[in-house]
Amino acid sequence: MPEIVAVIGATGFQGSSVVKALSALPDKYTVRGVTRSTTSARVSELQALYPNVQWVAANLNSPASLREAFRGVDIVFGNTNYLQPDIINKIDAGDLDAEFRQGQNMVDAAIAEGVKHFVYSSLESPTKVGGPEYRGAHEPEGKHKIEQYIRSNKDKIAGYFVYAAFYFQNLLLSAQWDSAIGSGKDAIVFTYPLPADAPLPYVDIEEDLGATVLVALSNRSEYSGKVLAAVEGYYTGEELVRAFTRITGVPARYQYGAVPEIDRPDINAMLNFFVKFGTFSHHDWTIAKNSAPRPFTTLDQFWTKYSTFRPE
């Protein structure tokens, strides 16, 4: 009988990747997509793509709604969105545990409903690795605190931890037409707040976060309590953009600069940590692509998929 898997944030980049991967295996998994609203346009889009997925509404600030969403569930995939207004406004008001409480609510609800396995999308702690100068990196600190809470309940629920690399998709969010090397709409500048020459880990989050979760679930005795890194390869910003031009023929350049939507001291502290220490500083973590049932999406394959992308 298929196991029931509740996917938190099922309409987002990470959650929808897990929905896609697990719903393709109906003999093994019945997917329950958990989202704040089951009537959104995004849910309708996913229902058309994955008609065998159940959809339920829940709020991470509401333990009762989470318990209802987890009723009868065997496995939970959980992730928290630091940049959603509900969290970020509380962080800005000094409530640094706003994200942690949402994670704690998920874990407590899962335990109360008898869920046996919890896959959590986490990050490592900058202060543990780099010291107090990174205490302002609230997002990874909050996620790591949730991870530690899951670990502290290992006698009640098995935890598996997925660490995602930077998304290839991030570059799409800040692309603009570039008058510096073109005229009109014939050249593109990709702006991102990472140095152009820094090799950093990247992944196609839409395709391969779900594949990473499948690796964890495929051998639970091996991966319980372990970290699996969702990464395809290491690239500089310049390499990412050269690949775009090579695949599409469109002139483009990479620009190291601020992106207004994420230009915040706490996010910059996190990015500075990743540049100095790397997103995956521990060499004993499992690189998921080496155990995945299919190859991860390469950079060239990603740009082939998005070959018609142009800024608005």
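Count residues from 1 along the sequence. No experiment lies behind these values; they were computed from the predicted model shown.
With hydrogens and angles left out, the side-chain atoms of Glu239 and Tyr202 include no donor and acceptor closer than 3.5 Å. Residues Glu141 and Thr127 have side chains that bring a donor and an acceptor to within less than 3.5 angstrom of each other. The closest side-chain donor-acceptor pair between Gln84 and Asn81, if any, does not fall under 3.5 angstrom.
Between Tyr149 and Phe100, the ring planes lie perpendicular to each other; the angle is over 60°, past the 30° to 60° tilted range. Between Tyr134 and Phe277, the angle of the ring planes goes over 60°, which puts this pair in the perpendicular group of the 30/60° scheme.
Between Phe274 atom CZ and Phe166 atom CZ the span is 5.5 Å, to the nearest 0.5 Å. The CG atom of Asp108 sits 7.0 Å away from atom CG of Asn153, with the distance rounded to the nearest 0.5 Å. The distance from the CZ atom of Phe118 to the CD1 atom of Ile146 is 8.5 Å, given to the nearest 0.5 Å. Between His144 atom NE2 and Tyr120 atom OH the span is 11.0 Å, to the nearest 0.5 Å. Residue Asp74 holds its CG atom at 9.5 Å from CZ of Arg32, rounded to the nearest 0.5 Å. Between atom CG of residue Asp86 and atom CD1 of residue Ile91 there is a gap of 10.5 Å, rounded to the nearest 0.5 Å.
Each of Asn61, Thr80, Asn79, Asn59 was compared with Gln102 under the side-chain hydrogen bond (donor to acceptor under 3.5 Å, both in side chains) criterion, and only Asn61 meets it.
Side-chain heavy atoms closer than 4.5 Å link hydrophobic residues (I, L, V, M, F, W, Y) into clusters, and following such links, possibly through other members, connects Phe161 to Val231. There is no path of hydrophobic side-chain contacts, each under 4.5 Å, that joins Leu25 to Val73. Both Phe244 and Tyr192 are members of a single hydrophobic cluster when ILVMFWY side chains are connected at heavy-atom separations under 4.5 Å. Cluster annotation: Val31 and Leu214 are assigned to the same hydrophobic cluster (Ile/Leu/Val/Met/Phe/Trp/Tyr, side-chain heavy-atom contacts under 4.5 Å, transitive). Both Val19 and Val213 belong to a single network of hydrophobic side chains, linked directly or stepwise wherever heavy atoms of I, L, V, M, F, W or Y lie under 4.5 Å apart.
More than 12 heavy atoms of other residues, nucleotides or ligands shown are found within 6.0 angstrom of NZ on Lys305. For Arg242, the CZ atom counts as densely surrounded, since its 6.0 Å shell holds more than 12 non-hydrogen atoms of other residues, nucleotides or ligands. For Arg71, the CZ atom is densely surrounded, since the number of other residues' heavy atoms within 6.0 Å is greater than 12.
Ring to ring, His138 and Tyr82 are not that close: their centroids are 6.0 angstrom or more apart. Checked against the 6.0 Å centroid threshold, Tyr254 and Phe190 do not count as a close aromatic pair.
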Next on the checklist: Using side chain to side chain donor-acceptor pair (under 3.5 Å), reason through Gln14 and Ser17 one step at a time and then give a plain yes or no.
Outcome noted: CA-CA 5 Å; Gln14 294 197 17; Ser17 182; over 6 Å; no
Checklist entry - For Glu147 and Tyr163, what are the C-alpha separation, side-chain angles and deciding distance, and is it a side chain to side chain donor-acceptor pair (under 3.5 Å)? => result CA-CA 11 Å; Glu147 176 184 330; Tyr163 285 22; 2.6 Å; yes
Item to check | Intermediate values then yes/no, side chain to side chain donor-acceptor pair (under 3.5 Å), Tyr235 and Glu238 | outcome: CA-CA 8 Å; Tyr235 303 94; Glu238 292 173 341; over 6 Å; no
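Proximity of a side-chain donor or acceptor of Arg151 to a complementary backbone N or O of Gly225 within less than 3.5 Å is detected. In this structure a side-chain-to-backbone donor-acceptor pair under 3.5 Å is present from Thr248 to Val250. Checked by atom type and distance alone, the side chain of Trp177 pairs as donor or acceptor with a backbone atom of Pro311 at under 3.5 Å. With Asn105 contributing its side chain and Leu60 its backbone, the two residues share a donor-acceptor pair below 3.5 Å. Between the side chain of Lys226 and the main chain of Glu222, a donor-acceptor pair closer than 3.5 Å is present. Without hydrogens or angle criteria, Asp204 side chain to Tyr167 main chain gives no donor-acceptor distance under 3.5 Å. The closest donor-acceptor contact from the side chain of Trp303 to the backbone of Leu240 lies under 3.5 Å.
Residues Ala243 and Leu299 come closest through the heavy atom pair CB-CD2, 3.5 Å.
Salt-bridge check for Glu99 with Lys143: passed, with a basic side-chain N closer than 4.0 Å to an acidic carboxylate O. Taking a cutoff of 4.0 Å between a charged side-chain nitrogen and a carboxylate oxygen, Asp97 and Lys145 qualify as a salt bridge. Salt-bridge check for Glu206 with Lys20: failed, with every basic side-chain N at 4.0 Å or more from each acidic carboxylate O.
For the pair Lys289 and Phe296, the cation-pi criterion (under 6.0 Å, within 45° of the ring axis) is not fulfilled.
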